[in-house]
Amino acid sequence: MIMRIGEMGAQLGSVIASVMFVYTIFRQYLPPQFGYYVDKYRHKLVKLFYPYIQIIFDENNNEFRRRSEVYSAIQSYLSTKSSTNARRLKAHDVKDSKSLVLAMDDHEEVTDEFQGIKVSWVLVKRETRQPSFFFYPQSDEKQHYKLTFHRRHRNVVTGAYLAHVIKAGKAITVGNRQRKLNVNNPSQNWYTYRGTMWSHVVFEHPATFETLALHPKMKEEIVNDLIKFSKGKEYYAKIGKAWKRGYLLYGPPGTGKSTMIAAMSNLMNYDVYDLELTTVKDNTELRKLLIDTPSKSIIVIEDIDCSLDLTGQRKKKKEKDEEDNEEKDPVKKKMEKEESQPSKVTLSGLLNFIDGIWSACGGERLIVFTTNYVDKLDPALIRRGRMDKHIELSYCCYEAFKVLARNYLDLESHELFETIERLLGETNMTPADVAENLMPNSVTEDADSCLKNLIEAIETAKEEARKKAEEEEASKKAEEEAKLKAEKEEKEKEQSAKDEVKCNGTSAKEGDVK
Ligand SMILES: Nc1ncnc2c1ncn2[C@@H]1O[C@H](COP(=O)(O)OP(=O)(O)OP(=O)(O)O)[C@@H](O)[C@H]1O
Ligand SMILES: [Mg+2]
């Protein structure tokens with residue numbers, strides 16, 4: 001951003017300007033000595049009578065012709081002012097913005113006040129002719145915002161006021177921004193399309209913490225933790241820690257781990273970066289992906305237990321697959337081997353990703369792991385400090401059911417709730433299963449019928465669980481009996497062998513005597 005500060009004119013600017021205009025016309029008729037003195041003191045004169053300062057904010061960064069962030073922030077800031085203040089407005093859609101942006105029209109003036117100081121903003125557009133190799137010169141439209149204020153407020157305006165404008169403008173931009181769901185591209189595609197490591201789609205998941213079926217206490221704790229984190233820039237700087245936080249979400253399938261990530265993104269207004277570890281070639285690639293994530297993002301690794309060989313089991317499976325492949329056609333084998341090229345990301349690479357020196361770049365990031373099997377994970381990966389908060393998402397409790405009933409059936413209470421409370425206390429059912437049963441099967445199905453369906457489903461699940469437990473018990477008993485039988489047979493065998501030896505020994509002795 002180029003900032004040109006020009007001090008011009010007098011408070012009687014328009015008068016002086018007219019005088020100067022007349023002067024330039026008649027200058028040639030004046031004695032040369034007179035003209036020389038007027039030219040010499042013209043600027044001092046203007047400065048003396050025109051106490052205003054102007055700052056120009058160009059749209060583009062000169063070196064790269066990229067849109068200046070400061071310009072965008074000013075545009076967003078002024079869009080709120082101009083919609084109430086300016087008479088002529090322009091409406092346009094901005095990339096990644098979910099709503100129309102109303103901006104002041106060209107040469108329209110918008111006034112603003114800060115700490116009792118009045119300033120004015122004008123959007124100036126000018127067309128310049130660029131030299132071109134083509135027959136026709138290319139036209140290039142340039143625009144800038146011009147800020148004007150009295151020179152006695154110079155310190156406040158160039159310091160606190162501009163900082164306020166940029167901060168507020170950026171906050172408005174973030175609020176208007178469409179959130180994105182990003183996924184990492186395999187590295188062989190990184191340089192095919194503008195060198196992007198991540199591809200994205202617009203993220204419009206409707207889950208929020210209000211709709212999430214969780215115990216209210218737990219929900220409150222998580223929301224407070226997230227809000228504290230988002231406001232913790234100074235705190236993290238004070239304690240000398242990178243501004244990031246790790247969450248481990250664990251629990252059986254269908255208990256809301258992925259849904260909670262969507263709710264987190266909606267609460268924090270952060271983009272989601274869903275990292276598919278199995279397509280990351282090695283630790284270097286992992287680091288590059290990390291550096292390419294901006295602040296205000298959630299980096300997610302789902303099913304971390306399946307993503308990496310952290311338990312050693314995957315290696316065994318791989319070896320087994322290789323053995324199976326031995327009899328295959330060599331070309332096919334080679335192709336399959338290339339396709340299933342294992343990721344060389346190691347545990348230490350992942351640990352570095354979470355809290356190595358590079359992880360501090362960017363700041364304001366959440367790292368979320370999900371797993372169904374927390375016990376399988378290496379303790380180093382999930383120790384506190386790395387994964388700061390461990391959240392267990394478990395089977396549906398009565399409190400969680402009430403949230404689902406409110407979401408799905410608009411019910412706060414019902415006579416069947418008591419039965420459901422008792423049944424949920426006796427049976428393990430995931431929120432996904434409860435939600436599925438609360439969804440009406442047809443448009444005519446009412447809340448009563450949905451609740452009855454749920455009761456039936458819980459009773460069936462209870463019955464199945466009872467049968468399964470019985471079967472398990474029976475097979476355990478059968479196993480024990482078989483074990484006892486085998487032991488008994490073994491003992492009997494040993495005994496008969498001993499008896500035989502004894503018998504042979506006796507007959508030998510008898511023979512000796514003979
Ligand atoms: N706690 C919950 N609150 C609201 N809805 C839920 C909850 N848990 C599950 N659901 C519903 O069940 C569906 C599956 O949930 P989700 O994908 O979040 O489960 P998950 O824990 O990520 O499962 P997995 O371990 O298989 O990935 C969701 O679409 C959602 O509608
Ligand atoms: Mg999931």
Side-chain angles (χ1 to χ4, degrees), residues 179 181-184 201 203-223 225-226 246-268 270 272-278 298-308 310-311 366-377 381-382 387 389-412 417 420-421 424-425 427-441 447 450-451 453-454 457-458 461:
R179 233 158 314 110
L181 171 62
N182 301 267
V183 66
N184 52 312
V201 290
F203 187 54
E204 288 178 327
H205 201 297
T208 62
F209 275 94
E210 281 87 57
T211 62
L212 200 65
L214 261 190
H215 198 285
K217 254 190 179 170
M218 191 175 177
K219 208 185 280 190
E220 194 187 333
E221 196 192 316
I222 300 168
V223 170
D225 192 80
L226 287 166
Y247 285 81
L248 173 72
L249 311 184
Y250 65 97
T255 48
K257 297 178 290 299
S258 305
T259 313
M260 182 178 279
I261 294 169
M264 282 176 164
S265 159
N266 286 336
L267 176 77
M268 310 283 276
Y270 286 2
V272 176
Y273 284 77
D274 188 1
L275 181 61
E276 180 51 61
L277 259 192
T278 47
I298 306 180
I299 302 172
V300 178
I301 305 181
E302 289 252 37
D303 299 319
I304 181 83
D305 52 296
C306 310
S307 304
L308 204 62
L310 301 177
T311 58
L366 299 178
I367 298 174
V368 183
F369 288 173
T370 74
T371 182
N372 296 139
Y373 307 100
V374 69
D375 302 335
K376 274 195 189 178
L377 298 180
L381 188 63
I382 56 170
M387 287 292 112
K389 207 156 170 57
H390 295 192
I391 301 170
E392 182 179 8
L393 291 159
S394 191
Y395 295 105
C396 193
C397 62
Y398 177 58
E399 294 297 331
F401 156 75
K402 282 203 286 189
V403 178
L404 291 173
R406 198 179 313 133
N407 294 346
Y408 284 74
L409 305 171
D410 291 324
L411 278 182
E412 290 295 337
F417 274 21
I420 293 172
E421 182 177 9
L424 284 176
T427 323
N428 284 342
M429 197 169 209
T430 63
D433 287 335
V434 173
E436 189 56 35
N437 283 291
L438 289 182
M439 249 208 265
N441 291 321
C450 290
L451 291 178
N453 288 347
L454 175 63
I458 307 177

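Numbering of ligands and ligand atoms starts at 1, following listing order. Residue numbers count from 1 along this sequence.
- Any N or O atom pair closer than 3.5 Å counts here, and K257 shares at least one such pair with ligand 1.
- Shortest non-hydrogen contact noted between P252 and S394 is CD-CA, 4.5 Å.
- Of the listed options P253, P252, A207, P253 places a heavy atom closest to atom 24 (P) of ligand 1.
- Of the protein's heavy atoms, none falls inside 4.0 Å of atom 29 (O) of ligand 1.
- Between the side chain of N407 and the main chain of T211, a donor-acceptor pair closer than 3.5 Å is present.
- E392 has its side chain within reach of Y250: a pair of non-hydrogen atoms, C-beta onward, lies under 4.5 Å apart.
- From the protein, the heavy atom lying nearest to atom 11 (C) of ligand 1 is A432 CA, 4.0 Å.
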### Task
For H205 and V272, run side-chain contact (heavy atoms from CB on, under 4.5 Å): C-alpha distance rounded to whole Å, both residues' side-chain angles, the deciding distance at 0.1 Å, then the answer.
CA-CA 11 Å; H205 201 297; V272 176; over 6 Å; no
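- Within the 4.0 Å heavy-atom cutoff, N372 counts among the residues contacting ligand 1.
- Among all non-hydrogen protein atoms, the one lying nearest atom 15 (O) of ligand 1 is T259 OG1, 3.7 Å.
- With sequence neighbours left out, E221 forms a salt bridge (charged side-chain N to carboxylate O under 4.0 Å, His left out) with K389.
- Inter-residue side-chain proximity for Y247 and I261 is flagged as unmet; no heavy-atom pair is nearer than 4.5 Å.
- Scanning all protein heavy atoms for the shortest distance to atom 9 (C) of ligand 1 gives G254 O, 3.4 Å.
- For the residue pair L409 and L438, the shortest heavy atom distance occurs at CD2-O, 3.5 Å.
- For ligand 1, the atoms closer than 4.0 angstrom to any heavy atom of P431 are 1 (N), 2 (C), 7 (C), 8 (N), 9 (C).
- Here's the thing with L212: none of its N/O atoms is less than 3.5 angstrom from an N/O atom of ligand 1.
- Applying the side-chain contact (heavy atoms from CB on, under 4.5 Å) criterion to P216, with sequence neighbours excluded, gives E399.
- Test I301, D305, L249 against F369 for side chain to side chain contact (heavy atoms under 4.5 Å, CB included) and you get one pass: I301.
- With sequence neighbours excluded, no residue forms a side chain to side chain donor-acceptor pair (under 3.5 Å) with N437.
- Summarising the contacts of atom 1 (N) of ligand 1 with G256, A213, S258, the nearest heavy atom is found in A213.
- Here the heavy atom of the protein found nearest to atom 31 (O) of ligand 1 is Y408 OH, 4.0 Å.
- For the Mg ion (ligand 2), the set of protein N/O/S atoms nearer than 2.8 Å consists of S258 OG, ordered by chain and number.
- For atom 5 (N) of ligand 1, the nearest protein heavy atom (residue, atom name, distance) is L404 CD2, 4.2 Å.
- Heavy atoms only, all atoms of each residue included: K257 and G251 are closest at NZ-O, 3.0 Å.
- E220 is not listed as a side-chain neighbour of F209, based on a closest heavy-atom distance of 4.5 Å or more.
- Put simply, no part of A435 is less than 4.0 Å from ligand 1, judged by heavy atoms.
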